Asker: 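Dropping a structure here in structure tokens format, bear with me for questions.
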Amino acid sequence: MTEAEIDFEVDPEDLPEISDQPDVPIGGPSLVVDDLHINYRVFGGKKVGAQYGKKSWFTRLVSQSREHVGAVQTVSAIRGVSFVARHGESIGIVGTNGSGKSTLLRAVAGLIPPTKGTVHVSGEPSLLGVNAVLMRELTGERNIMIGGLALGLTPQQVRDRFDEIVDFAGIGDAVYLPMKTYSSGMSARLRFAISSFATPDILMIDEALATGDATFRQKSKARMEVVRSEAGTIFLVSHSLATVKAICTRVLWLHEGNLVMDGPSEVVADAYGRFARSKRLEAKAQRAQRRRRG
Ligand SMILES: Nc1ncnc2c1ncn2[C@@H]1O[C@H](COP(=O)(O)OP(=O)(O)O)[C@@H](O)[C@H]1O
Ligand SMILES: [Mg+2]
């Protein structure tokens, strides 16, 4: 794990302000995840070249089986995760890279089918990720319309909220330019604006906040509170533990596809912070050892 993966910096504006968190009553379940398993099938591997090297062109030609064209590998990204999320909860998801955070969100959003187990959602989830699909060739304006419709708004509702969305994203007249001309910050802000203004039942944010500056983080935090106060459920994947603690009421810690801890954000974020820190020191010691040897 590199240092860049974990953000131990605490920005003053990210500090938890318990008093400014509106008291949103926690309602009934909005999401039930039951023994969820997600496997990815990866076709072809690094071994292809090596295997070909040992076989004649004729053997390759006549053999049709997969193992000769690169093995099919299975990656178990989520290995039996269960939890219940309720209306009004904002849930942080932490874990090292590759622990399954993005996969879990994609499964909740219905973008990938469970290999085993079930995901029950009440209402329409909306996934807002760094990779959320906005179309780069189209203008911000078109993306607002398409994104809004995809999130279940009517064309009139999108038109009614258009100015507010542009204003929130702070992109001004650039909204009439193709999105490929946007900076990554502008794209991230517009993506957040589109997703959150549809006030979905479940708002999922995958590290999108990292691209925003301090002012935008504040604005998005306020916006998330609106979603939450309208009894939505929020999921936030972030490497900034300070942000997670400031925004979330509860945290899930994923490790190698397993849910290793689920509890109040302070408790889980601190436990994960200690774990991540020790991993970081371990990696540092290993690097030092390699340097001494080499
Ligand atoms: N599209 C994919 N195809 C194959 N493997 C994938 C794919 N996406 C993620 N993985 C693998 O699944 C595991 C979990 O990945 P991911 O959910 O992206 O973790 P995180 O978001 O916590 O970094 C990793 O081992 C990753 O390599
Ligand atoms: Mg991820």
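Note that this is a predicted model, so its numbers are computed, not measured. In each ligand, atom 1 is the first atom listed, and ligand 1 is the first ligand listed.
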Asker: Is there a donor-acceptor contact under 3.5 Å linking the side chains of D206 and S102?
Answerer: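 Short answer, yes.
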
Asker: With rounding to the nearest 0.5 Å, note down the distance linking CE in M261 to CG in L252.
Answerer: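 Atom-to-atom, M261:CE and L252:CG are 11.5 Å apart.
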
Asker: For the residue pair I38 and P114, what are the closest heavy atoms and their distance?
Answerer: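 Looks like CD1-CA, 3.7 Å.
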
Asker: Please find the pair of heavy atoms, one from V119 and one from V108, that lie closest to each other, and give the distance.
Answerer: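 Where V119 meets V108 most closely, the heavy atoms are CG1-CA, 4.1 Å.
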
Asker: Any protein N or O within less than 3.5 Å of an N or O in ligand 1? List each pair with its distance, or say none.
Answerer:
unit_1, atom_1, unit_2, atom_2, d
ligand 1, 17 (O), T103, N, 2.9
ligand 1, 17 (O), T103, OG1, 2.5
ligand 1, 19 (O), G100, N, 3.1
ligand 1, 21 (O), S102, N, 2.9
ligand 1, 21 (O), S102, OG, 2.8
ligand 1, 22 (O), S99, N, 3.2
ligand 1, 22 (O), S99, OG, 3.3
ligand 1, 22 (O), G100, N, 3.0
ligand 1, 22 (O), K101, N, 2.9
ligand 1, 22 (O), K101, NZ, 2.8
ligand 1, 23 (O), G98, N, 2.7

Asker: Compile the donor-acceptor pairs under 3.5 Å between side chains in residues 148-158 and protein atoms, sequence neighbours left out, one pair per line.
Answerer:
unit_1, atom_1, unit_2, atom_2, d
T154, OG1, Q157, N, 3.1
T154, OG1, Q157, OE1, 3.4
Q156, NE2, D160, OD1, 3.0
Q157, OE1, T154, N, 2.8

Asker: Which protein N, O or S atoms does the Mg ion (ligand 2) have within a distance shorter than 2.8 Å?
Answerer: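 Those protein N, O or S atoms (cut-off: under 2.8 Å from the Mg ion (ligand 2)) are S102 OG.
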
Asker: Just by distance, do the side chain of R189 and the backbone of I171 share a donor-acceptor pair under 3.5 Å?
Answerer: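 No, R189 side chain to I171 backbone: no donor-acceptor pair under 3.5 Å.
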
Asker: Specify whether F168 and F192 have parallel, tilted or perpendicular ring planes, treating 30° as the upper limit for parallel and 60° as the lower limit for perpendicular.
Answerer: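 If you compare the ring of F168 with that of F192, the planes turn out parallel.
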
Asker: How about CZ on R250, more than 12 heavy atoms from neighbouring residues, nucleotides or ligands closer than 6.0 Å, or not?
Answerer: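 Yes, the 6.0 Å shell around CZ holds more than 12 heavy atoms from other groups.
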
Asker: According to side-chain contact (heavy atoms from CB on, under 4.5 Å), who are the partners of S82, at least two apart in sequence or on a separate chain?
Answerer: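 Result, side-chain contact (heavy atoms from CB on, under 4.5 Å) vs S82: D34, D35.
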
